[in-house]
Amino acid sequence: MHMSRYIINILILLTMPAMAMANIMNADTIHVATVDSIASDTVKLVQVDSVFAINRAEHTADTIALKMPVYQGTYLNLDIFNPIATAFNGGRFEFVVSADVDLWHRLFPVLEYGMMFMNKDYTTYKYKTDGLFLRVGAMYNFLNAKPDRKKDHSLSVGVRYAYSNVNYTLSDVQLTSPDWKDESVTVSNNKKVANVGWVEFVASLNVQIYKDFFMGITARVKTFSHFYAPCLNYPTFIPGFGEYTDSAVNFGFDYTLTYRIPSKKVKKYRESLAQ
Amino acid sequence: MVFIGVVMTVLVSVSSCKKNCYSPSRSLAGVLFVDSVTRKAYTVKNLTVKAIDNDTILYNNVSVSAVYLPLHLSKNETTYTFTIAPETEGGSAVTYNLTLYHGMEPQFVSPECGCVPTYLLDSVKVDNNAAFKKMELYNKFVQNIEQDAHVKIYY
(Lines give C-alpha, C1' and ligand atoms only; values in the text may rest on other atoms or scores of the structure.)
Protein backbone atom coordinates (compact mmCIF):
# COMPACT_ATOMS: atom_id res chain seq x y z
CA MET A 1 0.00 0.00 0.00
CA HIS A 2 2.81 2.33 0.99
CA MET A 3 4.67 1.36 -2.15
CA SER A 4 1.77 2.19 -4.48
CA ARG A 5 1.24 5.52 -2.73
CA TYR A 6 4.94 6.26 -3.18
CA ILE A 7 4.74 5.50 -6.93
CA ILE A 8 1.68 7.72 -7.35
CA ASN A 9 3.51 10.60 -5.64
CA ILE A 10 6.42 10.21 -8.04
CA LEU A 11 3.99 10.24 -10.98
CA ILE A 12 2.47 13.48 -9.69
CA LEU A 13 5.90 15.07 -9.46
CA LEU A 14 6.76 13.93 -12.98
CA THR A 15 3.53 15.29 -14.48
CA MET A 16 3.76 18.68 -12.80
CA PRO A 17 5.77 20.33 -15.61
CA ALA A 18 3.31 19.01 -18.18
CA MET A 19 0.41 20.31 -16.08
CA ALA A 20 2.10 23.64 -15.81
CA MET A 21 2.48 23.69 -19.59
CA ALA A 22 -1.19 22.82 -19.99
CA ASN A 23 -1.97 25.64 -17.64
CA ILE A 24 -0.24 28.04 -19.99
CA MET A 25 -1.76 26.60 -23.12
CA ASN A 26 -5.34 26.03 -21.94
CA ALA A 27 -8.18 27.83 -20.21
CA ASP A 28 -8.31 29.08 -16.65
CA THR A 29 -10.69 26.31 -15.58
CA ILE A 30 -7.99 23.75 -16.16
CA HIS A 31 -5.58 25.80 -14.09
CA VAL A 32 -7.90 25.60 -11.07
CA ALA A 33 -8.41 21.88 -11.49
CA THR A 34 -4.69 21.26 -11.77
CA VAL A 35 -3.79 23.20 -8.65
CA ASP A 36 -6.57 21.51 -6.74
CA SER A 37 -5.43 18.12 -7.85
CA ILE A 38 -1.90 18.68 -6.54
CA ALA A 39 -3.17 19.89 -3.21
CA SER A 40 -5.77 17.16 -2.73
CA ASP A 41 -5.44 13.47 -1.98
CA THR A 42 -3.87 11.37 -4.69
CA VAL A 43 -6.95 9.21 -4.95
CA LYS A 44 -8.70 12.13 -6.70
CA LEU A 45 -6.11 12.18 -9.47
CA VAL A 46 -8.16 10.05 -11.83
CA GLN A 47 -11.16 12.34 -11.31
CA VAL A 48 -9.08 15.44 -12.04
CA ASP A 49 -7.63 13.87 -15.11
CA SER A 50 -11.06 13.25 -16.51
CA VAL A 51 -12.06 16.90 -15.87
CA PHE A 52 -8.83 17.96 -17.48
CA ALA A 53 -9.60 15.87 -20.55
CA ILE A 54 -13.15 17.21 -20.84
CA ASN A 55 -12.02 20.82 -20.59
CA ARG A 56 -9.37 20.21 -23.18
CA ALA A 57 -11.89 18.60 -25.51
CA GLU A 58 -14.29 21.54 -25.09
CA HIS A 59 -11.50 23.99 -25.75
CA THR A 60 -10.44 22.15 -28.89
CA ALA A 61 -14.03 22.11 -30.10
CA ASP A 62 -14.24 25.90 -29.54
CA THR A 63 -11.04 26.43 -31.47
CA ILE A 64 -12.35 24.44 -34.42
CA ALA A 65 -15.67 26.28 -34.41
CA LEU A 66 -14.06 29.76 -34.19
CA LYS A 67 -10.84 29.42 -35.98
CA MET A 68 -8.72 32.56 -35.93
CA PRO A 69 -8.43 33.93 -39.51
CA VAL A 70 -4.99 33.78 -41.08
CA TYR A 71 -5.35 37.23 -42.63
CA GLN A 72 -5.66 39.80 -39.86
CA GLY A 73 -5.46 43.11 -41.66
CA THR A 74 -3.37 45.30 -43.91
CA TYR A 75 -1.09 47.99 -42.47
CA LEU A 76 -0.43 51.19 -44.44
CA ASN A 77 2.69 52.97 -43.23
CA LEU A 78 4.07 56.45 -43.79
CA ASP A 79 7.61 57.28 -42.73
CA ILE A 80 7.98 60.78 -41.31
CA PHE A 81 11.58 60.51 -40.13
CA ASN A 82 13.31 60.88 -43.50
CA PRO A 83 11.30 63.93 -44.66
CA ILE A 84 12.16 65.68 -41.39
CA ALA A 85 15.80 64.58 -41.72
CA THR A 86 16.00 66.61 -44.96
CA ALA A 87 16.78 69.62 -42.78
CA PHE A 88 19.81 67.83 -41.32
CA ASN A 89 21.25 65.72 -44.15
CA GLY A 90 22.29 68.34 -46.68
CA GLY A 91 18.98 68.72 -48.49
CA ARG A 92 18.37 65.12 -49.53
CA PHE A 93 14.60 64.65 -49.50
CA GLU A 94 13.38 61.09 -49.20
CA PHE A 95 10.06 59.54 -48.34
CA VAL A 96 8.80 56.01 -47.96
CA VAL A 97 5.33 54.48 -47.97
CA SER A 98 4.76 50.82 -47.33
CA ALA A 99 2.11 48.18 -46.88
CA ASP A 100 2.33 44.97 -44.93
CA VAL A 101 -0.13 42.16 -44.46
CA ASP A 102 -0.75 40.59 -41.07
CA LEU A 103 -0.80 36.80 -41.23
CA TRP A 104 -1.52 35.07 -37.88
CA HIS A 105 -0.11 38.27 -36.33
CA ARG A 106 3.22 36.49 -36.71
CA LEU A 107 4.27 36.88 -40.31
CA PHE A 108 4.11 40.23 -42.13
CA PRO A 109 5.00 40.25 -45.85
CA VAL A 110 6.05 43.82 -46.69
CA LEU A 111 6.24 45.96 -49.81
CA GLU A 112 7.88 49.39 -49.54
CA TYR A 113 8.14 52.18 -52.10
CA GLY A 114 10.09 55.39 -51.84
CA MET A 115 11.57 58.31 -53.75
CA MET A 116 14.54 60.60 -53.29
CA PHE A 117 15.37 64.05 -54.64
CA MET A 118 18.54 66.10 -54.21
CA ASN A 119 19.81 69.19 -55.96
CA LYS A 120 22.93 70.72 -54.45
CA ASP A 121 25.13 73.55 -55.67
CA TYR A 122 28.58 73.43 -54.11
CA THR A 123 31.40 75.86 -54.77
CA THR A 124 33.30 73.59 -57.13
CA TYR A 125 30.52 71.36 -58.48
CA LYS A 126 26.77 70.85 -58.84
CA TYR A 127 25.12 67.52 -58.10
CA LYS A 128 21.58 66.59 -59.00
CA THR A 129 20.05 63.21 -58.33
CA ASP A 130 16.65 61.58 -58.09
CA GLY A 131 15.28 58.09 -58.14
CA LEU A 132 12.95 55.53 -56.70
CA PHE A 133 13.34 52.35 -54.73
CA LEU A 134 11.35 49.24 -53.93
CA ARG A 135 11.86 46.88 -51.04
CA VAL A 136 10.20 43.52 -50.62
CA GLY A 137 10.50 41.19 -47.67
CA ALA A 138 8.85 39.95 -44.51
CA MET A 139 8.83 40.51 -40.75
CA TYR A 140 8.36 38.01 -37.96
CA ASN A 141 6.63 39.24 -34.81
CA PHE A 142 7.76 37.89 -31.44
CA LEU A 143 5.05 39.56 -29.37
CA ASN A 144 1.57 38.71 -28.41
CA ALA A 145 0.04 36.67 -31.25
CA LYS A 146 -2.58 34.92 -29.13
CA PRO A 147 -6.13 35.15 -30.55
CA ASP A 148 -7.47 36.77 -27.36
CA ARG A 149 -4.83 39.51 -27.23
CA LYS A 150 -6.10 42.93 -26.22
CA LYS A 151 -3.53 44.99 -28.16
CA ASP A 152 -1.86 44.41 -31.50
CA HIS A 153 1.61 45.67 -30.66
CA SER A 154 4.44 44.00 -32.46
CA LEU A 155 8.16 43.61 -31.97
CA SER A 156 9.56 42.10 -35.10
CA VAL A 157 12.65 41.35 -37.10
CA GLY A 158 12.89 40.74 -40.80
CA VAL A 159 14.76 40.95 -44.03
CA ARG A 160 14.32 42.89 -47.29
CA TYR A 161 15.70 42.83 -50.78
CA ALA A 162 15.85 46.35 -52.15
CA TYR A 163 16.15 47.69 -55.69
CA SER A 164 16.79 51.26 -56.71
CA ASN A 165 16.80 53.08 -60.02
CA VAL A 166 18.75 56.32 -59.75
CA ASN A 167 19.52 59.21 -62.14
CA TYR A 168 22.41 61.54 -61.37
CA THR A 169 24.14 64.46 -63.02
CA LEU A 170 27.40 66.11 -62.02
CA SER A 171 28.14 69.45 -63.64
CA ASP A 172 30.53 72.43 -63.53
CA VAL A 173 33.16 70.38 -61.74
CA GLN A 174 36.46 72.15 -61.20
CA LEU A 175 39.34 69.70 -60.94
CA THR A 176 43.01 70.43 -60.33
CA SER A 177 45.64 67.76 -60.73
CA PRO A 178 48.03 67.24 -57.83
CA ASP A 179 50.42 65.42 -60.19
CA TRP A 180 50.66 67.61 -63.29
CA LYS A 181 51.71 71.19 -62.82
CA ASP A 182 49.12 73.86 -63.75
CA GLU A 183 46.66 71.30 -65.05
CA SER A 184 43.06 72.10 -64.16
CA VAL A 185 39.77 71.58 -65.99
CA THR A 186 36.07 72.32 -65.63
CA VAL A 187 33.96 69.40 -66.82
CA SER A 188 30.41 68.01 -66.64
CA ASN A 189 28.89 64.55 -66.87
CA ASN A 190 25.82 63.74 -68.85
CA LYS A 191 22.85 62.37 -66.96
CA LYS A 192 23.59 58.82 -65.87
CA VAL A 193 21.38 55.99 -64.75
CA ALA A 194 22.24 53.15 -62.41
CA ASN A 195 20.35 50.17 -61.05
CA VAL A 196 21.39 49.07 -57.60
CA GLY A 197 20.37 46.27 -55.28
CA TRP A 198 21.08 45.52 -51.64
CA VAL A 199 19.85 43.54 -48.65
CA GLU A 200 18.44 44.92 -45.40
CA PHE A 201 18.12 43.39 -41.97
CA VAL A 202 15.34 45.13 -40.10
CA ALA A 203 14.09 45.39 -36.51
CA SER A 204 10.83 47.15 -35.76
CA LEU A 205 8.62 48.09 -32.83
CA ASN A 206 4.99 49.00 -33.58
CA VAL A 207 2.69 50.27 -30.87
CA GLN A 208 -1.09 50.40 -31.16
CA ILE A 209 -2.02 53.93 -30.16
CA TYR A 210 -5.76 53.96 -30.76
CA LYS A 211 -7.96 51.35 -32.47
CA ASP A 212 -6.42 50.96 -35.93
CA PHE A 213 -3.71 53.59 -35.56
CA PHE A 214 -0.12 52.69 -34.77
CA MET A 215 3.26 54.39 -34.32
CA GLY A 216 6.49 52.59 -34.95
CA ILE A 217 10.24 52.83 -35.07
CA THR A 218 12.36 50.77 -37.42
CA ALA A 219 16.11 50.27 -37.54
CA ARG A 220 17.80 48.98 -40.68
CA VAL A 221 21.19 47.53 -41.49
CA LYS A 222 21.81 47.81 -45.23
CA THR A 223 24.48 45.68 -46.81
CA PHE A 224 25.48 43.50 -49.81
CA SER A 225 25.04 46.46 -52.18
CA HIS A 226 25.64 45.65 -55.83
CA PHE A 227 25.29 47.42 -59.17
CA TYR A 228 23.37 45.58 -61.87
CA ALA A 229 25.97 46.70 -64.44
CA PRO A 230 29.54 47.90 -63.87
CA CYS A 231 29.90 51.68 -64.14
CA LEU A 232 32.78 54.13 -64.02
CA ASN A 233 30.88 56.84 -62.15
CA TYR A 234 28.75 55.48 -59.38
CA PRO A 235 25.86 57.42 -57.78
CA THR A 236 26.97 59.02 -54.53
CA PHE A 237 23.50 58.88 -53.01
CA ILE A 238 21.29 55.88 -53.69
CA PRO A 239 17.57 56.24 -52.92
CA GLY A 240 16.69 54.05 -49.96
CA PHE A 241 20.29 53.05 -49.36
CA GLY A 242 21.84 56.40 -48.50
CA GLU A 243 25.39 57.49 -49.19
CA TYR A 244 27.41 55.01 -51.20
CA THR A 245 30.86 54.84 -49.64
CA ASP A 246 33.72 52.40 -49.17
CA SER A 247 31.90 51.08 -46.10
CA ALA A 248 30.12 47.77 -46.63
CA VAL A 249 27.27 48.67 -44.28
CA ASN A 250 24.80 51.56 -44.05
CA PHE A 251 22.33 52.16 -41.26
CA GLY A 252 18.82 53.53 -41.51
CA PHE A 253 16.08 54.65 -39.18
CA ASP A 254 12.34 55.13 -39.80
CA TYR A 255 9.61 56.58 -37.66
CA THR A 256 6.28 55.51 -39.06
CA LEU A 257 2.63 56.36 -38.66
CA THR A 258 0.39 53.45 -39.51
CA TYR A 259 -3.25 52.89 -40.29
CA ARG A 260 -4.59 49.35 -40.31
CA ILE A 261 -7.34 48.29 -42.65
CA PRO A 262 -9.01 45.83 -40.29
CA SER A 263 -10.18 42.38 -41.25
CA LYS A 264 -13.93 41.82 -40.85
CA LYS A 265 -13.35 38.16 -40.02
CA VAL A 266 -11.06 39.11 -37.15
CA LYS A 267 -13.66 41.53 -35.85
CA LYS A 268 -16.33 38.79 -35.90
CA TYR A 269 -13.97 36.36 -34.26
CA ARG A 270 -13.16 38.76 -31.44
CA GLU A 271 -16.81 39.52 -30.90
CA SER A 272 -17.50 35.80 -30.57
CA LEU A 273 -14.67 35.48 -28.07
CA ALA A 274 -16.11 38.27 -25.97
CA GLN A 275 -19.53 36.59 -25.79
CA MET B 1 6.06 61.83 -26.66
CA VAL B 2 8.74 59.25 -25.96
CA PHE B 3 8.85 58.39 -29.64
CA ILE B 4 9.22 62.05 -30.63
CA GLY B 5 12.00 62.41 -28.05
CA VAL B 6 13.83 59.43 -29.57
CA VAL B 7 13.44 60.85 -33.06
CA MET B 8 14.71 64.29 -32.06
CA THR B 9 17.68 62.76 -30.23
CA VAL B 10 18.66 60.73 -33.29
CA LEU B 11 18.28 63.75 -35.57
CA VAL B 12 20.39 66.00 -33.37
CA SER B 13 23.03 63.29 -32.98
CA VAL B 14 23.24 62.75 -36.73
CA SER B 15 23.35 66.44 -37.56
CA SER B 16 26.02 67.21 -34.96
CA CYS B 17 28.44 64.64 -36.40
CA LYS B 18 31.25 66.43 -38.22
CA LYS B 19 32.41 64.11 -40.97
CA ASN B 20 35.86 63.84 -42.45
CA CYS B 21 36.93 62.56 -45.82
CA TYR B 22 38.32 59.04 -45.60
CA SER B 23 38.12 58.13 -49.30
CA PRO B 24 41.16 58.20 -51.58
CA SER B 25 41.38 61.54 -53.38
CA ARG B 26 43.30 60.27 -56.41
CA SER B 27 42.56 57.79 -59.17
CA LEU B 28 45.76 56.00 -60.12
CA ALA B 29 46.32 53.42 -62.83
CA GLY B 30 47.84 50.25 -61.36
CA VAL B 31 50.44 48.39 -63.41
CA LEU B 32 51.18 44.94 -62.03
CA PHE B 33 54.20 42.81 -62.86
CA VAL B 34 53.33 39.12 -63.11
CA ASP B 35 55.42 36.00 -63.52
CA SER B 36 54.19 34.42 -66.77
CA VAL B 37 54.83 30.89 -65.48
CA THR B 38 53.54 30.98 -61.92
CA ARG B 39 51.03 33.82 -62.52
CA LYS B 40 52.11 35.31 -59.22
CA ALA B 41 53.53 38.76 -58.49
CA TYR B 42 56.91 39.33 -60.10
CA THR B 43 59.36 41.75 -58.50
CA VAL B 44 61.10 44.06 -60.92
CA LYS B 45 64.42 45.24 -59.51
CA ASN B 46 66.05 48.65 -59.98
CA LEU B 47 62.98 50.15 -61.66
CA THR B 48 62.67 53.85 -62.39
CA VAL B 49 59.40 55.27 -63.73
CA LYS B 50 59.24 58.77 -65.12
CA ALA B 51 56.30 60.77 -66.46
CA ILE B 52 57.29 62.07 -69.86
CA ASP B 53 55.49 65.40 -69.95
CA ASN B 54 56.83 66.96 -66.81
CA ASP B 55 59.90 64.81 -66.16
CA THR B 56 58.63 63.91 -62.72
CA ILE B 57 60.27 60.78 -61.34
CA LEU B 58 57.43 58.67 -59.93
CA TYR B 59 59.54 55.70 -58.80
CA ASN B 60 63.31 55.95 -58.43
CA ASN B 61 65.39 52.77 -58.61
CA VAL B 62 63.02 50.61 -56.56
CA SER B 63 62.24 46.90 -56.43
CA VAL B 64 58.46 46.53 -56.78
CA SER B 65 55.78 44.21 -58.15
CA ALA B 66 53.32 47.04 -58.92
CA VAL B 67 53.39 50.74 -59.73
CA TYR B 68 50.52 53.21 -59.48
CA LEU B 69 50.54 55.99 -62.04
CA PRO B 70 48.73 59.35 -62.25
CA LEU B 71 46.86 60.24 -65.43
CA HIS B 72 46.36 63.56 -67.22
CA LEU B 73 43.19 65.52 -66.62
CA SER B 74 43.13 67.46 -69.86
CA LYS B 75 44.73 64.98 -72.28
CA ASN B 76 43.54 61.62 -73.51
CA GLU B 77 46.90 59.92 -73.20
CA THR B 78 49.65 59.71 -70.63
CA THR B 79 53.12 58.31 -71.33
CA TYR B 80 55.72 57.02 -68.88
CA THR B 81 59.28 55.82 -69.32
CA PHE B 82 60.13 52.57 -67.55
CA THR B 83 63.84 51.98 -67.00
CA ILE B 84 65.18 48.80 -65.44
CA ALA B 85 68.80 49.20 -64.46
CA PRO B 86 71.12 46.17 -64.81
CA GLU B 87 71.63 44.10 -61.68
CA THR B 88 75.28 43.43 -62.49
CA GLU B 89 78.00 45.77 -63.63
CA GLY B 90 78.50 45.75 -67.34
CA GLY B 91 74.89 44.82 -68.09
CA SER B 92 72.63 47.09 -70.12
CA ALA B 93 69.50 48.88 -68.91
CA VAL B 94 66.12 48.01 -70.40
CA THR B 95 63.96 51.01 -71.28
CA TYR B 96 60.50 51.27 -72.76
CA ASN B 97 57.75 53.88 -73.02
CA LEU B 98 54.29 52.86 -71.88
CA THR B 99 51.31 54.93 -73.03
CA LEU B 100 47.81 54.75 -71.52
CA TYR B 101 44.95 56.06 -73.68
CA HIS B 102 41.99 57.20 -71.61
CA GLY B 103 38.94 59.39 -71.17
CA MET B 104 38.21 61.30 -67.99
CA GLU B 105 34.97 61.84 -66.06
CA PRO B 106 34.51 63.45 -62.65
CA GLN B 107 33.15 61.45 -59.73
CA PHE B 108 31.32 63.00 -56.78
CA VAL B 109 32.71 61.08 -53.81
CA SER B 110 30.93 62.78 -50.91
CA PRO B 111 30.19 66.28 -49.62
CA GLU B 112 33.27 65.94 -47.38
CA CYS B 113 35.63 64.72 -50.11
CA GLY B 114 34.22 66.60 -53.10
CA CYS B 115 34.98 65.33 -56.60
CA VAL B 116 37.83 63.27 -58.01
CA PRO B 117 38.68 62.41 -61.61
CA THR B 118 37.97 58.88 -62.84
CA TYR B 119 39.21 57.41 -66.09
CA LEU B 120 38.09 54.91 -68.68
CA LEU B 121 41.12 53.20 -70.23
CA ASP B 122 40.80 52.64 -73.99
CA SER B 123 44.09 50.91 -74.63
CA VAL B 124 47.71 50.58 -73.58
CA LYS B 125 50.76 50.52 -75.82
CA VAL B 126 54.52 50.13 -75.46
CA ASP B 127 57.31 50.99 -77.87
CA ASN B 128 59.56 48.06 -76.94
CA ASN B 129 57.74 44.72 -76.77
CA ALA B 130 61.00 42.84 -76.21
CA ALA B 131 61.24 44.17 -72.67
CA PHE B 132 58.72 41.60 -71.39
CA LYS B 133 56.64 38.64 -72.61
CA LYS B 134 53.07 39.92 -72.66
CA MET B 135 50.90 42.87 -71.67
CA GLU B 136 47.18 42.87 -70.84
CA LEU B 137 44.60 45.60 -70.21
CA TYR B 138 43.03 43.93 -67.21
CA ASN B 139 40.56 46.52 -65.87
CA LYS B 140 39.48 49.62 -67.80
CA PHE B 141 37.88 51.51 -64.89
CA VAL B 142 40.36 53.73 -63.03
CA GLN B 143 38.57 54.92 -59.91
CA ASN B 144 39.65 56.28 -56.56
CA ILE B 145 40.34 52.81 -55.21
CA GLU B 146 43.68 52.25 -53.54
CA GLN B 147 46.01 49.70 -55.13
CA ASP B 148 43.60 48.74 -57.88
CA ALA B 149 45.05 46.78 -60.84
CA HIS B 150 44.48 47.86 -64.45
CA VAL B 151 47.40 46.69 -66.59
CA LYS B 152 49.32 43.43 -66.17
CA ILE B 153 52.82 43.02 -67.57
CA TYR B 154 54.04 39.42 -67.75
CA TYR B 155 57.75 38.62 -67.34
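Side chains included, hydrogens not; waters and symmetry mates left out as well; all remaining heavy atoms used. The shown structure was predicted, so the numbers you read here are calculated from the model rather than taken from an experiment.
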Let me know if [X] has heavy atoms under 4.5 Å from chain A in its side chain, its backbone, both or neither.
X: Leu58(B); value: neither
X: Thr78(B); value: side chain
X: Gln107(B); value: both

Shortest non-hydrogen contact from [X] to [Y]?
X: Lys75(B); Y: Glu183(A); answer: N-OE2, 4.2 Å
X: Trp180(A); Y: Pro70(B); answer: CZ2-O, 3.5 Å
X: Val173(A); Y: Cys115(B); answer: CG1-CB, 3.7 Å

Heavy-atom check, side chain of [X] versus side chain of [Y], under 4.5 Å:
X: Val187(A); Y: Met104(B); answer: yes
X: Gln143(B); Y: Tyr234(A); answer: yes
X: Leu73(B); Y: Ser184(A); answer: no
X: Pro111(B); Y: Lys120(A); answer: no

From [atom1] ([X]) to [atom2] ([Y]), nearest 0.5 Å:
X: Ser74(B); Y: Leu175(A); atom1: OG; atom2: CG; answer: 11.0 Å
X: Lys192(A); Y: Glu105(B); atom1: NZ; atom2: CD; answer: 3.5 Å
X: Arg26(B); Y: Ser177(A); atom1: CZ; atom2: OG; answer: 8.0 Å
X: Thr129(A); Y: Phe108(B); atom1: OG1; atom2: CZ; answer: 10.0 Å

Can you establish whether the number of heavy atoms outside [X] located under 6.0 Å from its atom [atom1] is more than 12?
X: Glu136(B); atom1: CD; answer: yes
X: Phe224(A); atom1: CZ; answer: no
X: Tyr138(B); atom1: OH; answer: no
X: Lys40(B); atom1: NZ; answer: no

Contact part of [X] toward chain B, heavy-atom cut-off under 4.5 Å: side chain, backbone, both or neither?
X: Phe237(A); result: side chain
X: Thr123(A); result: neither
X: Pro178(A); result: side chain

Asn233(A) side chain to Thr118(B) side chain, donor-acceptor N/O pair below 3.5 angstrom: yes

Donor-acceptor pair, side chain of Thr236(A) and main chain of Ser110(B), under 3.5 angstrom: no

